[in-house]
There are 2 protein chains.
Amino acid sequence: MSVKTPAGGRRQPTIHEVAASAGVSIGTVSRVAGESPRVAPETRARVLAAMAELGYQPNAAARAMRTNQTKTIGFLIPDMTNQVFARVAQGAETVLAPEGYMLFAFSSNRSPAREVAFLQAARQRQMDGLIVTLSDETATATIEEIGRMGVPVVVLDREVPVEADVVYSEHMQSIETVVGQLLELGHRRIGLVTASQNIRPGRDRVAGFRRALERAGLPVDDWLIRANRQSAEYGAAETHDLLTGANPPTAILAAGSDIFYGALRAVRLLGLTIPDDISFVGADDPLLGDLVYPPITVIDRDMVEVGRQAAGLLLDRLRGLDMPPRRIMLGSNVLLRRSIAAPRHR
Amino acid sequence: MSVKTPAGGRRQPTIHEVAASAGVSIGTVSRVAGESPRVAPETRARVLAAMAELGYQPNAAARAMRTNQTKTIGFLIPDMTNQVFARVAQGAETVLAPEGYMLFAFSSNRSPAREVAFLQAARQRQMDGLIVTLSDETATATIEEIGRMGVPVVVLDREVPVEADVVYSEHMQSIETVVGQLLELGHRRIGLVTASQNIRPGRDRVAGFRRALERAGLPVDDWLIRANRQSAEYGAAETHDLLTGANPPTAILAAGSDIFYGALRAVRLLGLTIPDDISFVGADDPLLGDLVYPPITVIDRDMVEVGRQAAGLLLDRLRGLDMPPRRIMLGSNVLLRRSIAAPRHR
DNA sequence: CTGTTAGCGCCTTCAC
DNA sequence: GTGAAGGCGCTAACAG
C-alpha cells in the first residue's frame, strides 16, 4: 500500500514508524534524534537501531516549522563559473559546515532579477543566513529584498545601504602601486579595463588609477578607461579596441579575472609580445598568470580567506550577536612577474 | 511585541496576517498564492495588495509539509572551483528554472563522506530531485543512500548500480583518436595522466589509450599510465615524474581539466618547449588551450549540453514519467591545434 | 466564489 | 524516563 508521491518516489519513514518499530512513543524518538540526554541508554539503542533499519531522516520541513531553523545558509554569487567566487564558497564552507550548516550556492548570472528571485526563495525557505555578492549596487529591488530578509546577511565587497556586516577587499591601493610601477618604467599611456562602476571593485580600481596619475602630475585620458562589465568578452573587446586605436596604450591593466582572461586573449590574437610590445597586468587569477609565458604580474587576493571571514561574521550573528554592522577589509597583493617592462621607444 | 527569532530576525508575515489585512479568509489567500482561478478579480487584487504591502512570502516548510514538494533540485558536484561542473550547472538551470525549480549546488570536494551527508540533507529537505556527479563509484555508502532517496536522481558520467537515468560523455574513442594521431606522427612513448580508475572517465580514457596502442600492435608500458586522481597537483607531479624519468615519453596526454592545468605547469617549469620538446594534449578546457602559446590540442565536451540533457531527463521523471532508466551518450570533440608534432630524433 | 477545517511531521511542554 | 497533546503555516476538501 505504498503512497505514490507526485514524483513517483517511495514515501519516507516518519517518526511514527520509527516509534512503532522501536516500541516507544514518538516523543522518545524525537528525544533520541535531538540528542537529548534524558533517555535510557537501552531505549536509545533500540531507537537508533530502528532508525538505521528504516533509513529514517527527520523531515526538515516539519522541523523547520517547529524550530524556525533550517541549518541552511544561502550563498549568492554573480557567476558560478568564476573561480574567484567558488573559492569564497569553499572558504565559507570550512567555517560553517562544522557548525552543522549547509551552504547552498546559487548563481545569479549577474542578473538583478535573479538576485531578487533568490532572496525571495531564501526567505520562503527560511534560510538561517545569507552571504551575498550583488551584481549591481544600484538595483533597489535587491536592496529592499535584503531589508526584508529578517535573518543575518553578510555582504561581500559591495557598498549598499543595508544594515549588514560586510567583507571588503582592498583594490584602490594595489592599482595605485601597479600604476606607479608602470609610470616609473616610463609608461605614459596605460589602459585600464575593469568592472562596472555600479560595483565597488570597479569604482575603486578606477579611483586608484586616477589617483596614481594625478599624483604623478599626469593628465587622465578617459579614453583609456574601460569600466563597464565583468566578462571575458568585454575584456577582449575593450583590449582590442584600446590596442588598435590611433594612440594606443603601452600597458594594459586587466583588473578582474574574466577580463584578464579575455584581455590576454585579445593581446595574443593581435600577435603582440608581452612585455616587448605591451606591458600587461592581470588580476584575481594567479595560476593563469603563472601558466602563460612570460608569467604575468597579477593583483591577487585570498578569496578563501574572504569566505572564512564572511562566514565568521555570519556565525556570530547566528549565535545571537547584537551589535552594529561590522566591516572587515582584506588586502590584495601584487605578484610582480616578467610581464611588465619599459615601453618600447616608438 | 515582535518575536525574536534565534537569529534575532524579524518574524515573517503569515497567511493569517495577509488574510486579516485583506479582510478575507486564509483559504482565499491560499488560493491567490496558488494562482487558483476560482477567485473574484476584485478580491484577488485586494489580497495581492496586502501581500505586497506586508512583503509576504509563503513559508516553504509549511507548503512542503502539505504538498510533499519543495520545487528544489539538488546538484552535487565534486568540485565547485572546476569550471567543467559549473557549466553543467548552468545548463541544467536553463531547463529547470522555467519550470519553477531552484537549483542548489553543493560541492563534495571529492569526499564520499560529504556526498553521503549531502544526500541525507537532500532527503531531509525533501528535495524533489537530484543531479549528481559522484567522486568514487566504489563508495557503497553513497550508492545505498541514493537507493533510499525516493525521488528521481540523474547520474552524470558514472557507472553505478542504481536505478537512475544517466548522461554519459564519450571518452574512449576520442582518446583513441588522439593517440592514433600521435602514433602516426611517430611517437612511440606516450604518457597518459588522468582520473582515478574508480570513475568512468578515468577507466574509459585508460581503456581507449590501451586499445589504440594494441591496435597498432605496440606494447603498453604501464609506467606511462598515471590514473589516480583529479587535481592540478596530481597532474603536475605525475607529469614531472614522467618527463624526468629514465625513458620519458615524447608526448603527454593530460586528460582532465585540473590535470591539464597542472601538467602544463610542470612542462613549463621544466623549461620544455611545446611541441618541439614534447607534444601535449589537454582536455576539458578549450579556453586555456587557446590562451597559451602555442595553442594546445584539446579533447573537449559541451558541458552545458550535459547539464541540459540531465535536466531534461530529470524533468520527465518529475512529471511522472515511469519507465526503465534511460541513458544518453554525448560526444567529445578533438580540437586539433599546434601542440603536437613529430617527436624529435634523440 | 469564499469560509471552515483537518491534518502534513516534528518538537516541546506537561503529566505521569 | 517516557507518553500524550498542541500547534508551527499551509493546502485541499468540503460546505455554504
Side-chain angles (χ1 to χ4, degrees), chain A residues 3-6 9-48 50-51 54-71 123-126 128 150, chain B residues 3-6 9-48 50-51 54-71 123-126 128 150:
Chain A
V3 179
K4 284 256 182 183
T5 69
R10 191 165 62 268
R11 230 188 78 268
Q12 297 291 326
T14 75
I15 199 170
H16 288 98
E17 289 157 55
V18 175
S21 165
V24 296
S25 78
I26 63 161
T28 301
V29 177
S30 176
R31 275 184 282 266
V32 172
E35 289 172 352
S36 154
R38 321 209 136 278
V39 183
E42 191 265 343
T43 311
R44 161 188 307 283
R46 230 171 46 241
V47 171
L48 253 16
M51 285 179 171
L54 295 171
Y56 171 75
Q57 290 287 337
N59 180 317
R63 189 175 258 184
M65 204 123 161
R66 282 287 303 169
T67 64
N68 281 319
Q69 266 211 102
T70 57
K71 286 291 184 178
R123 193 141 64 90
Q124 289 185 185
R125 280 156 232 250
Q126 303 193 104
D128 296 337
Chain B
V3 180
K4 285 255 181 185
T5 69
R10 193 165 60 269
R11 230 187 78 268
Q12 297 290 328
T14 74
I15 199 170
H16 287 98
E17 290 157 55
V18 175
S21 165
V24 296
S25 77
I26 62 162
T28 300
V29 177
S30 176
R31 275 184 282 264
V32 172
E35 290 171 350
S36 153
R38 322 208 136 276
V39 183
E42 192 264 342
T43 312
R44 159 188 311 279
R46 233 174 39 243
V47 172
L48 251 17
M51 285 179 171
L54 295 171
Y56 170 75
Q57 289 287 338
N59 180 316
R63 191 173 255 184
M65 203 123 162
R66 282 288 304 173
T67 63
N68 282 318
Q69 266 211 103
T70 57
K71 286 291 183 179
R123 194 141 63 91
Q124 289 185 185
R125 279 156 231 251
Q126 303 193 105
D128 295 337

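This one's a predicted model, so the numbers in the text were calculated from it and none came from an experiment.
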Exercise. Thr14(B) near the nucleic acid: base, sugar-phosphate alone, or nothing, with a heavy-atom cut-off under 4.0 Å?
Worked result: sugar-phosphate
Exercise. Separation of Gln12(A) atom CD from dC8(C) atom P, in whole Å?
Worked result: 16 Å
Exercise. Under 4.5 Å between any side-chain heavy atoms of Asn59(B) and Gln126(A), yes or no?
Worked result: yes
Exercise. Can you find a donor-acceptor pair, distance only, under 3.5 Å between Arg31(A) side chain and dG3(D) base?
Worked result: yes
Problem set entry | Separation of atom NZ in Lys71(A) from atom C1' in dC10(C), rounded to whole Å | 17 Å
Exercise. Among the nucleotides dT2(D), dC1(C), dG7(C), which one has an atom lying closest to any side-chain atom of Ala40(B)?
Worked result: dC1(C)
Problem set entry | dC10(C) base / Arg63(A) side chain donor-acceptor hit below 3.5 Å | no
For this session: Figure out the CG/P separation between Asn68(A) and dG7(D), and round it to whole Å.
Result: 16 Å
Problem set entry | Worked verdict on Val29(A) versus Met51(A) for side-chain contact (heavy atoms from CB on, under 4.5 Å) | CA-CA 9 Å; Val29(A) 177; Met51(A) 285 179 171; 3.8 Å; yes
Problem set entry | Donor-acceptor pair under 3.5 Å, Arg44(A) side chain vs dG1(D) base | no
Exercise. Atom CD of Gln124(B) and atom C1' of dC10(C): how far apart are they, to the nearest Å?
Worked result: 12 Å
Seminar exercise, completed: Picking from dC8(C), dC10(D), dT2(C), the nucleotide nearest the side-chain atoms of Val39(B) would be dT2(C)
Seminar exercise, completed: Between CG of Asn59(A) and P of dC10(C) the distance, given in whole Å, is 5 Å
For this session: Scan Thr28(B) against the nucleic acid and name what it touches under 4.0 Å (heavy atoms): base, sugar-phosphate only, or nothing.
Result: sugar-phosphate
Problem set entry | Candidate pair Thr70(A) and Arg125(A), rule side-chain contact (heavy atoms from CB on, under 4.5 Å), full reasoning | CA-CA 8 Å; Thr70(A) 57; Arg125(A) 280 156 232 250; over 6 Å; no
Exercise. Between Glu42(B) and Ala60(A), who's closer to the 5' end of DNA chain C by nearest nucleotide?
Worked result: Glu42(B)
Problem set entry | Gln69(A) backbone acceptor or donor facing Asp128(A) side chain under 3.5 Å | no
Exercise. Quick one: Gln126(B) CD to dC10(C) P, roughly how many Å, whole number?
Worked result: 9 Å
Seminar exercise, completed: When rounded to whole Å, the CZ to P distance for the pair Arg125(B) and dG9(C) reads 18 Å
Exercise. Any side-chain heavy atom of Pro58(B) within less than 4.5 Å of one from Ile15(B)?
Worked result: no
For this session: For Thr43(A) and for Ile26(A), find the nucleotide of DNA chain D with the closest heavy atom, then tell me which residue's nucleotide is more 5'.
Result: Thr43(A)
Exercise. Could you state the CZ-C1' distance from Arg66(A) to dG6(D), rounded to the nearest angstrom?
Worked result: 8 Å
Problem set entry | Given dG9(D), dG3(D), dT12(C), the nucleotide with the shortest approach to the side chain of Met65(B) | dG9(D)
